[in-house]
Amino acid sequence: MKFLSAASLFLFAFSAAAEQTHPNILFLFTDDHATQAISAYGGPLAKIAPTPNLDRIAEEGMLFKKCYVTNSICGPSRAVVLTGKYSHLNGFRSNGDTFDGSQMTAPKWVWKAGYETAIIGKWHLKSEPTGFDHFEVLKGQGQYYNPGLNTNGETVRHTGYTTDIITDRTIDWLETKWDKDKPFFLMSQHKAPHGRWEPALRHLEWLDDVEVPEPPTLFDDYSGRTKAASQHKMGIADHMGDHRLMLKYSSKHTPEQFKIFDGYFRPRNEAFLKADLRGKERTKWHYQRYIKNYLRCVRSVDENVGRLLKWLDDNDLAENTVVIYSSDQGFYLGEHGWFDKRWMYEESFRTPLMVRWPGTVEPGSVNDTDLVSNLDFAQTFIDIAGISDQKNMQGRSLVPVLEGNTPADWRKTHYYHYYEAGGHGVPVHFGVTDGRYKLIRFPDPKLDAWEFYDLENDPQELESVYGDETYADEQTRLKLELARLQEKFKVDE
Ligand code: CA
């Protein structure tokens with residue numbers, strides 16, 4: 001179905017001509033936010049921890065079920081979003097790298113097209129932001145309480161909860177700094193819900209009396225696959241470490257904040273230590289503790305997204321602002337016994353994407369077929385800004401997809417490449433998926449392995465069928481596709 005009828009096209013053209021401006025772009029970005037923790041995506045956490053404000057973006061826009069990242073880790077994903085290029089070409093392969101701020105990025109292109117540009121919140125690319133009229137960013141990972149924000153080169157300290165403060169500062173920019181003669185391109189980027197999952201004080205006790213359902217793969221034994229997964233160091237029971245158990249809230253918190261945290265966590269931690277839990281009981285205890293704090297952090301994100309949407313409503317900007325919500329990657333919420341990300345397995349490979357664009361995107365639409373990617377975000381930004389030349393980027397503008405007119409030659413396969421060897425025990429790997437099948441290559445000589453999954457029969461990816469004759473044709477097809485994409489994207493392993 002084509003959403004835009006001839007009549008609405010005429011009206012749209014008319015109103016665009018009358019305003020003579022491209023829409024504002026509000027990019028809301030979080031860190032490590034899994035689709036499993038957004039109720040619009042459904043699933044067992046939806047009722048326990050609903051996200052009504054995030055869901056509103058989906059209800060009034062389009063929700064993508066197959067948005068895949070190119071490299072499932074924080075800094076590299078951010079570099080891809082800015083440049084529209086794979087990690088090996090934008091130069092930011094792993095979190096230890098430093099972003100080359102001299103290269104062209106989407107904010108620089110939209111600035112040239114007449115937009116005012118700003119970034120507020122998490123940056124995490126080491127070098128100072130470039131291409132923004134205004135930046136106000138956390139140092140490195142940032143902290144959940146009382147953050148310092150590098151404000152156009154000068155550190156300004158704020159007291160309070162970082163998710164709230166990032167929204168405060170975003171609204172402040174809109175109210176006091178934005179030149180309203182220009183459309184804005186505004187990246188409002190949260191630290192939450194990245195570890196160590198420190199909730200707002202107002203949410204510390206929320207979910208206390210709830211038993212959160214465990215994912216079916218919490219006690220995965222990693223049989224049925226190569227030995228890659230079994231070498232992980234991201235187990236809920238064994239790798240969260242005591243520093244995550246015995247909270248070291250100190251200099252980062254005000255005495256009052258510390259007192260409240262200490263009063264909340266100390267009795268619970270002491271109860272855990274006293275119980276001396278082992279084996280599955282230990283995993284279960286850690287899972288409950290982890291998932292509740294994660295969901296509490298998400299709740300603040302949801303509340304703050306609600307504040308921004310309301311601000312747009314109150315200022316008559318909702319109609320002419322494209323709101324995009326996404327995260328730098330997905331995350332394991334206990335699936336496979338894990339926290340963290342990195343793998344090409346679905347939970348961290350997939351990232352949330354919801355886009356509201358009144359007059360262009362059909363409200364309440366769900367795209368569960370097209371393979372889209374954070375590789376496409378930069379080209380989408382510049383396309384919205386009216387730049388037709390796609391600037392040698394490697395993705396593709398999502399605008400026609402958002403209009404309900406996915407081009408016939410839209411990608412049928414997606415290439416993935418993770419470079420940060422050894423982080424949480426995850427080896428370098430790359431692969432390709434067509435949305436139904438997935439081929440993964442672990443090139444490390446110690447592994448020298450392949451995995452192949454049929455996502456329809458095995459959505460939890462518990463059994464690699466690599467080498468199974470039943471899948472010989474599909475496997476061959478994806479191997480050829482992998483080689484084709486590596487050549488196309490100039491991958492230099
Ligand atoms: Ca991240």
Side-chain angles (χ1 to χ4, degrees), residues 27-38 41 54 67-83 86-87 90 92-99 119-126 129 137-144 147 162-163 166 187-198 232-234 236 239-240 244 290-291 293-298 300-301 304-305 324-336 338-354 373-375 377 416-426 429:
F27 183 63
L28 302 172
F29 202 49
T30 40
D31 197 318
D32 295 356
H33 193 183
T35 59
Q36 304 94 291
I38 296 176
Y41 278 87
L54 290 167
C67 182
Y68 294 128
V69 296
T70 63
N71 182 1
S72 180
I73 185 157
C74 310
S77 172
R78 289 160 196 275
V80 170
V81 168
L82 289 170
T83 62
Y86 272 93
S87 305
N90 69 42
F92 203 104
R93 290 179 176 80
S94 56
N95 274 338
D97 291 332
T98 298
F99 186 68
I119 180 165
I120 293 160
K122 190 159 181 180
W123 169 250
H124 199 206
L125 289 168
K126 270 194 196 156
V137 295
L138 297 168
K139 192 175 176 190
Q141 290 283 7
Q143 56 200 49
Y144 269 110
T162 299
T163 308
I166 289 170
M187 305 179 95
S188 183
Q189 310 198 145
H190 291 288
K191 169 187 175 59
H194 190 281
R196 302 163 40 197
W197 312 294
E198 297 174 29
H232 76 87
K233 293 191 178 72
M234 49 198 272
I236 283 177
H239 302 108
M240 280 194 168
R244 289 176 201 272
Y290 159 56
I291 191 69
N293 285 330
Y294 181 96
L295 293 172
R296 288 164 182 151
C297 291
V298 168
S300 288
V301 169
N304 279 286
V305 167
I324 302 169
Y325 184 87
S326 190
S327 172
D328 58 353
Q329 12 61 213
F331 212 66
Y332 296 95
L333 303 182
E335 298 89 356
H336 303 292
W338 292 336
F339 62 100
D340 214 69
K341 52 259 181 178
R342 302 162 194 270
W343 299 100
M344 197 192 170
Y345 306 128
E346 288 291 297
E347 292 86 352
S348 56
F349 179 43
R350 179 183 63 222
T351 202
L353 178 62
M354 300 182 289
S373 172
N374 60 348
L375 187 67
F377 293 1
Y416 178 84
H417 204 135
Y418 172 78
Y419 292 90
E420 195 174 300
H424 279 291
V426 181
H429 60 289

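Counting begins at 1 with the first residue of the sequence. Both ligands and their constituent atoms are indexed starting at 1 by order of listing. Being a predicted model, the structure only gives us computed values, none of them experimental.
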Report task. Go through the structure and list residues passing ring pair (Phe, Tyr, Trp, His ring centres under 6.0 Å) with H232, not counting sequence neighbours. Result -> Y222, H239, W338
Query raised in the report: Taking all non-hydrogen atoms of both residues, which atom of G140 and which atom of K122 are closest, and how far apart?
Result: O-CE, 4.1 Å
Report task. Under the side-chain contact (heavy atoms from CB on, under 4.5 Å) rule, collect the residues that match up with S373, sequence neighbours excluded. Result -> T70, L375, D376, R411, H414
Requested in this report: Using ring pair (Phe, Tyr, Trp, His ring centres under 6.0 Å) as the criterion, list what pairs up with H429, not counting sequence neighbours.
Outcome: W343, Y416, Y418, F442
Requested in this report: Decide whether N374 and S77 meet the rule of one side-chain donor and one side-chain acceptor closer than 3.5 Å.
Outcome: yes
Query raised in the report: If we only count heavy atoms from C-beta on, is the I73 to D328 side-chain gap below 4.5 Å?
Result: no
Report summary line: Near the Ca ion (ligand 1), meaning under 3.0 Å, the protein N/O/S atoms are D31 OD1, D32 OD1, C74 SG, D328 OD1, D328 OD2, Q329 OE1
